[in-house]
Each structure stands twice: as structure tokens, then as C-alpha cells.
Visitor: 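Starting off with a structure, shown below.
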Amino acid sequence: MLNDLHSHGLWEASAPPAPSTLPLDGATEADVAIVGGGYTGLSCALHLAESGKSVVLLEAHEFGFGGAGRNVGLINAGLWLMPDDVSAVIGRAQGERLLEVLGDGPALVMSMIDSHGIDCELRRNGTLHCAVDARGLEELKQREAQWKKRGAPVRLLDARETADRVGTNAYVGALLDQRAGTLQPLAYARGLARAARAKGARLHTSSPVISAERHGSHWDVRTQAGRVDAEWLVVATDAYGTGPWRSTQEAQTRLPYFNLATAPLDRTSLGTILPGKEGVWDTRTILSSFRLDREGRLVFGSVGALRNGGAGIHKAWARRALARLFPQLAKVDFEHEWFGQIGMTEDAVPRLHAFGPNALGVFGFNGRGISPGTVFGRELALLILGEKGQDDLPLPMSGLKPPSLRGLKEIYYEGGAQVAHLVGDRL
């Protein structure tokens, strides 16, 4: 996208084409105007259109341009926080509701893929959160206990079963989450767009919003060449918000994350590396993640940006890391490379914000956009449809206060990842 091979890499090269759209031109009316063509905006548009609401969605670039088209593709349940900690942050009632809807999030994603025939390389094989040491294993034991008391199908694996499932002896254990899975993230976003349009939603790409003002009981949402008059406004720009929505970006600390993809692995390697095709991430502070795509490419990622010297440092580290994990890949090269930004909130909980009467936005998915983005798109749609009240939503209303030392933290994360990958020899 935007003639930048580092923006979406393998996902753009392998995704089915996006539905054909045009920029907004002229004035139109709708029940709901949605800003942002990622998972949240597209899920909201699809759910509303299925229920008969008229919807206009405005995307500044292309569907999946932000995190929706750049992430690893793990359909995870829950949050980064330990389940018991969620209630301490937002209160017990909303905390348990949030855990319930996000725990069921992968099932929602998979059911939407099935219902709308979305071709996005869906695998329902679960994910493996792998412990690199005893401390990480203790964390996973706590996660298992806390999810199990809520009825979740999670199971702690010992080192031997972990090695059998991953294909390496690098980990002392892993938490298998059978709710989860993997998909091709940009293909999923484009599939949601295609499904929403088929249900009657009007979608416009290359249509950045330049203003949104409340006039009487309606919103006047304007682009350079058009305007939408709508009763409701949904803001779904997350960490890539610009213009009137830059505040959603500035209310988060952005963490860079890169991915590299090998050529398709040979049959022998595919028989030993992730034979069950689960997605993997580990317990390190500067974590790593990896999974296989449909063609047998290994997609390997970590914290860092492929710029300002980072491309060489991170790629060299990735080669060393893969060689330690899987010696048979010691001479592997990468066919694709790309990176993006993860929006991180200070307490690792997403934000629900009212931009005015009948104007809501959800952002801050902390690296878990696929399932939460899809879920909150549905939740906002149910609120607009009158099937839920504001008090029924699983998040409290919050402000748009920038995190403390936001700029310095972003510099630290990007620079620190370079230093860690330059000098660190351990995974």
C-alpha cells in the first residue's frame, strides 16, 4: 500500500483483492457514519447493515491499512492482563463481562468467517503461549488457573509436549488455548469489507475525514470531496488516527512490531515445525511470535521497526533466533518483511470514548486487534440498534488523556528493541 513494501508485506502479496470502492464524492445521508476500515469499523458496518441500518464507512487509505493488515494473525482470546487483574482495573461487573465477550471473541470471528465465506486462511488449531523460563512458566500456570475457573478450554503443557507441538526444546512449557487460531489478517479485513458491502453498507476508501461537527440531532462528517449527514458516528481509527481523530492515536503509546516471512518450507521441515499449525508467542518482555501461513511460510516477528537501521539489526537477529529454535532453518532467508504500530494503553485495557452525543469510539487493543476489534464492532452496533444500553457495554467510558512520557516511551521501545536484538544472543 502507498507503494511501500514494508507496510503490509506477505499479507498484501497473498490476500484476495479488496472489493472495488471509490472515494466519497458529494453529499449523502445515513443512519450511521463510521470512520475507519479496520476490524472494528468493518465489523460494526456489517452488523448494522445486516440489521437494516443505512451505513457509510469512510477509510482514509485502504481496508486494513492500519494494524488490521499488518499483525501476526493470531486470533487470541482475552487481554494481555491476567484475567483476575481485569476486575481490579475496571471493576468486577464490567471486568467479568469484558472477559466473557473477549473470551468468546475467537468464536465470533470464526463464525463470521463461516457465515460470509471469507477466504482468509482460517485455522482453528489454537495458540501456544510458550514459557522461556521458570518465571514464564509460573505466569502461565496462573493464567491457566484463572481462565479455567471461568470455564475456558485452556491447558498447560509440559516441556515435552511443548517440544512435540512446536518442534524445538527452547521452551519449558506452554499454555494451549483451544479457543484461538490463526488467519491471514488483511484477507480477513477485506473479507469483512466485501460482506458489509454485500449487505448494503456503502464503503469509501481514499476518503480521509477532515471534520465532524454536530448540527442539531445529526453529525456532519466531511471529507475533501463529500459529506455524510448521520444520526450516529462511530470512530474506529485506533493507533492510526489522524486529523480530527489524532487524539485516539495520542491516547496510546505506540509500540512497533515487525514480521518477516520465509519462503515456503520444505516437506521435512513442515513435518517437525508446528505440525499442528498453532500460532505461537513467548513470555519474554521483548517477545517473539511465529506461525505458518497456508503455503508453509514461517512468519516470524518481534518488537521493533524496520527503519533507522532497524531493518538490518532485526533481520540479523531473526536469522540467529530461528537458527537456535530450528537448526534446520540456519540458512533461511526472508521473502517478505513489514512492520506496523501497536496501540498500548497504560493499563492494557481498551478505551471506550464518547466524542459527543451519539458518537462513540473504541481503541487501544494492545496487540490483540483481531478478536477485540471484531467484538467491539458488534457491541457498538448493538448499542446503536437499541439492543444494548450504554451500561451493558463491557467497558467504562474514558477520556483521551495521553499516557505519561508517551514520546519518550515510543523512542525507548523502538531504540531498546534495536539494542536488545543487536547484543542479545538468547531468545
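The structure displayed is predicted, hence computed values, not measured ones.
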Visitor: Got a second to check how far Arg320's CZ is from Leu325's CG, nearest 0.5 Å?
Guide: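 Here the rounded value is 13.0 Å.
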
Visitor: So how far is it from Leu24 CG to Ser206 OG, rounded to the nearest 0.5 Å?
Guide: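 That separation rounds to 11.5 Å.
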
Visitor: Using modelled atom types only, decide if a donor and an acceptor are shared between the side chain of Arg165 and the backbone of Ala163 within a distance under 3.5 Å.
Guide: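 No; judged by distance alone, with no hydrogens or angles, the pair does not exist.
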
Visitor: Strictly below 4.0 Å, N to O, side chains only: are Arg194 and Asp119 in salt-bridge contact?
Guide: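 Salt bridge: no.
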
Visitor: For Gln142, give me all partners under side-chain hydrogen bond (donor to acceptor under 3.5 Å, both in side chains), at least two apart in sequence or on another chain.
Guide: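 In terms of side-chain hydrogen bond (donor to acceptor under 3.5 Å, both in side chains), with neighbours along the sequence ignored, Gln142 is linked to no residue.
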
Visitor: Would you check, one step at a time, whether the test side-chain contact (heavy atoms from CB on, under 4.5 Å) holds for Val234 with Ile384?
Guide: CA-CA 10 Å; Val234 171; Ile384 292 168; 3.7 Å; yes

Visitor: Could you tell me if the side chain of Thr272 sits less than 4.5 Å from the side chain of Gln328, heavy atoms only?
Guide: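 Yes, close enough: below the 4.5 Å cut-off.
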
Visitor: Check the surroundings of atom NZ in Lys199: do more than 12 heavy atoms from other residues, nucleotides or ligands lie under 6.0 Å from it?
Guide: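 Count not over threshold, so no.
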
Visitor: Taking all heavy atoms of Val303 and all of Ala417, pick out the closest pair and write down the distance.
Guide: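 In terms of heavy atoms, the two residues are closest at O-CB, 3.4 Å.
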
Visitor: What pair of heavy atoms forms the shortest contact from Arg202 to Thr28, and how long is it?
Guide: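 Heavy atoms of Arg202 and Thr28 come nearest at NH1-OG1, 2.6 Å.
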
Visitor: Establish, yes or no, whether the cationic atom of Arg70 lies under 6.0 Å from the six-membered ring centre of Phe65 and within 45° of the ring axis.
Guide: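 Yes.
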
Visitor: Where does the angle between the aromatic ring planes of His421 and Phe258 fall among parallel (under 30°), tilted (30 to 60°) and perpendicular (over 60°)?
Guide: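 Correct class here is perpendicular.
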
Visitor: Flag yes if more than 12 heavy atoms outside Asp392 fall under 6.0 Å of its CG atom; otherwise flag no.
Guide: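 Result for CG/Asp392: enclosed.
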
Visitor: Begin from the C-alpha positions of Asp84 and Arg150 and carry the test salt bridge (charged side-chain N to carboxylate O under 4.0 Å, His left out) through to its verdict.
Guide: CA-CA 10 Å; Asp84 286 357; Arg150 293 171 172 87; 3.0 Å; yes

Visitor: So does Asp229 get a backbone contact from the side chain of Glu29, meaning a donor-acceptor N/O pair under 3.5 Å?
Guide: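 It does not hold such a pair.
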
Visitor: Is a side-chain N or O of Ser371 found less than 3.5 angstrom from the main chain of Ile75, in a donor-acceptor match?
Guide: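 No, because the side chain of Ser371 does not come within donor-acceptor range (under 3.5 Å) of the backbone of Ile75.
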
Visitor: Looking only at heavy atoms, what is the nearest atom pair of Thr248 and Gly241, with distance?
Guide: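 Answer, listing the atom of Thr248 first, then Gly241: OG1-CA, 3.8 Å.
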
Visitor: Quick check on Asp4: does its CG atom have over 12 non-hydrogen neighbours (other residues, nucleotides or ligands) under 6.0 Å away?
Guide: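 Yes, the 6.0 Å shell around CG holds more than 12 heavy atoms from other groups.
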
Visitor: Is the distance from the ring center of Phe326 to that of Phe290 below 6.0 Å?
Guide: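 Aromatic pair counts; centres sit under 6.0 Å.
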
Visitor: First locate atom CG of Leu157, then atom CG of Leu175, and finally report the distance between them rounded to the nearest 0.5 Å.
Guide: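 Result: 7.5 Å between the selected atoms.
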
Visitor: Is it true that a side-chain atom of Ser207 and a backbone atom of Thr205 form a donor plus acceptor pair closer than 3.5 Å?
Guide: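 Yes; at least one donor-acceptor contact below 3.5 Å.
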
Visitor: Please check this pair: side chain of Asn125 against backbone of Gly276, looking for a donor-acceptor N/O pair closer than 3.5 Å.
Guide: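 The answer is yes, because a donor-acceptor pair under 3.5 Å joins these two groups.
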
Visitor: Using the salt bridge (charged side-chain N to carboxylate O under 4.0 Å, His left out) rule, take Glu250 and Arg406 through it: C-alpha gap first, then chi angles, then the decisive distance, then the call.
Guide: CA-CA 8 Å; Glu250 293 174 344; Arg406 172 178 174 267; 5.4 Å; no

Visitor: With a 4.5 Å limit on heavy-atom distance, are the side chains of Thr182 and Glu121 in contact?
Guide: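 Thr182 vs Glu121: side chains apart.
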
Visitor: Will you find, in the side chains of His6 and Glu337, an N or O donor that is under 3.5 Å from an N or O acceptor?
Guide: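 Their side chains do contain a donor-acceptor pair, which is all the 3.5 Å distance test asks for.
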
Visitor: When you look at CD of Glu335, are more than 12 heavy atoms from neighbouring residues, nucleotides or ligands closer to it than 6.0 Å?
Guide: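 Correct, the count exceeds 12.
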
Visitor: Any side-chain donor-acceptor pair under 3.5 Å between Thr253 and Tyr413?
Guide: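 There is no such pair (donor and acceptor under 3.5 Å, judged by atom type) between the side chains of Thr253 and Tyr413.
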
Visitor: Specify whether Trp281 and His129 have parallel, tilted or perpendicular ring planes, treating 30° as the upper limit for parallel and 60° as the lower limit for perpendicular.
Guide: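 Parallel.
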
Visitor: Begin with the C-alpha distance, continue with both residues' side-chain angles, and end with the deciding distance and a verdict on salt bridge (charged side-chain N to carboxylate O under 4.0 Å, His left out) for Lys409 and Glu346.
Guide: CA-CA 11 Å; Lys409 288 177 181 175; Glu346 289 193 291; 3.7 Å; yes

Visitor: So, do Leu58 and His204 sit near enough that their side-chain heavy atoms are less than 4.5 Å apart?
Guide: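 A side-chain contact exists here, since the closest heavy-atom pair is under 4.5 Å.
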
Visitor: Counting C-beta onward and ignoring hydrogens, is there a side-chain heavy-atom pair between Lys148 and Val154 closer than 4.5 Å?
Guide: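 Side-chain contact under 4.5 Å: yes.
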
Visitor: With a 4.5 Å cut-off on side-chain heavy atoms, are Thr223 and Pro23 touching?
Guide: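 Not in contact.
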
Visitor: For the side chain of Thr127 and the backbone of Gly279, is there at least one donor-acceptor N/O pair under 3.5 Å apart?
Guide: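 No; zero donor-acceptor contacts below 3.5 Å.
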
Visitor: So among Val35, Val209, Asp220, Leu360, which one has a side-chain contact (heavy atoms from CB on, under 4.5 Å) with Leu233?
Guide: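 Single side-chain contact (heavy atoms from CB on, under 4.5 Å) partner of Leu233 among Val35, Val209, Asp220, Leu360: Val35.
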
Visitor: Let's go through His116 and Leu192 carefully: what are the C-alpha distance in whole Å and the side-chain angles of both, what is the deciding distance for side-chain contact (heavy atoms from CB on, under 4.5 Å) to 0.1 Å, and is it a yes or a no?
Guide: CA-CA 8 Å; His116 300 285; Leu192 288 175; 5.9 Å; no

Visitor: Within the 4.5 Å heavy-atom criterion, are Phe355 and Pro244 side-chain neighbours or not?
Guide: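 Not in contact.
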
Visitor: Do Leu46 and Leu42 make a side-chain contact, defined as non-hydrogen atoms from C-beta onward lying under 4.5 Å apart?
Guide: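 Side chain of Leu46 against side chain of Leu42, heavy atoms only: no contact under 4.5 Å found.
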
Visitor: Is it the case that the side chain of Arg123 and the backbone of Leu292 share a donor-acceptor pair, with hydrogens and angles ignored and the cut-off at 3.5 Å?
Guide: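 The answer is yes, because a donor-acceptor pair under 3.5 Å joins these two groups.
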
Visitor: If you define the side chain from C-beta out and look only at heavy atoms, does anything of Leu382 sit under 4.5 Å from His47?
Guide: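 In short, these two side chains do not touch, never coming nearer than 4.5 Å.
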
Visitor: Is there a salt bridge (charged side-chain N to carboxylate O under 4.0 Å, His left out) between Glu161 and Arg155 once you walk through the steps?
Guide: CA-CA 11 Å; Glu161 187 171 358; Arg155 181 166 65 90; 3.1 Å; yes

Visitor: Please step through side-chain contact (heavy atoms from CB on, under 4.5 Å) for the pair Leu287 and Tyr257, ending with a clear verdict.
Guide: CA-CA 10 Å; Leu287 63 84; Tyr257 201 91; 3.2 Å; yes

Visitor: Nearest 0.5 Å, please: how far is CG in Leu306 from CZ in Phe339?
Guide: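 Answer rounded to 0.5 Å: 6.0 Å.
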
Visitor: With side-chain contact (heavy atoms from CB on, under 4.5 Å) as the test, would you mind laying out the steps for Leu128 and Tyr171 before giving the verdict?
Guide: CA-CA 11 Å; Leu128 295 165; Tyr171 304 115; over 6 Å; no

Visitor: Report, one line per pair, each donor and acceptor closer than 3.5 Å where one atom sits in a side chain of residues 183-190; sequence neighbours left out.
Guide:
unit_1	atom_1	unit_2	atom_2	d
Gln184	OE1	Leu186	N	3.0
Gln184	OE1	Ala187	N	2.8
Gln184	NE2	Trp11	O	2.9
Gln184	NE2	Ser14	OG	3.0
Tyr188	OH	Thr374	OG1	3.0
Arg190	NH1	Pro16	O	2.9

Visitor: Give every residue pair that meets the side chain to side chain donor-acceptor pair (under 3.5 Å) criterion with at least one member in residues 100-114, sequence neighbours excluded.
Guide: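 Those involving residues 100-114 are Asp114-Arg124.
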
Visitor: Between Ser288 and Ser302, is there a donor-acceptor pair closer than 3.5 Å when you use the side chain of the first and the backbone of the second?
Guide: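 No; zero donor-acceptor contacts below 3.5 Å.
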
Visitor: At their closest point, which heavy atom of Trp338 faces which heavy atom of Ala261, and how far apart are they?
Guide: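 Looking at all heavy atoms of both residues, the closest pair is CZ3-CB, 4.0 Å.
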
Visitor: Taking atom CG of Asp177 and atom CZ of Arg143, what is their separation to the nearest 0.5 Å?
Guide: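 With rounding to 0.5 Å, CG (Asp177) is 10.5 Å from CZ (Arg143).
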
Visitor: I'd like to know if the side chain of Arg179 and the backbone of Ala152 have a donor-acceptor N/O pair within less than 3.5 Å.
Guide: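 Here the side-chain-to-backbone pair does not exist.
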
Visitor: Give the minimum heavy-atom separation between Cys130 and Val280, together with the two atoms involved.
Guide: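 Nearest heavy atoms, Cys130 then Val280: SG-CG1, 3.8 Å.
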
Visitor: Under 3.5 Å, is there a donor-acceptor pair between the side chain of Glu278 and the main chain of Gly126?
Guide: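 Pair absent, no side-chain N/O of Glu278 close to backbone of Gly126.
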
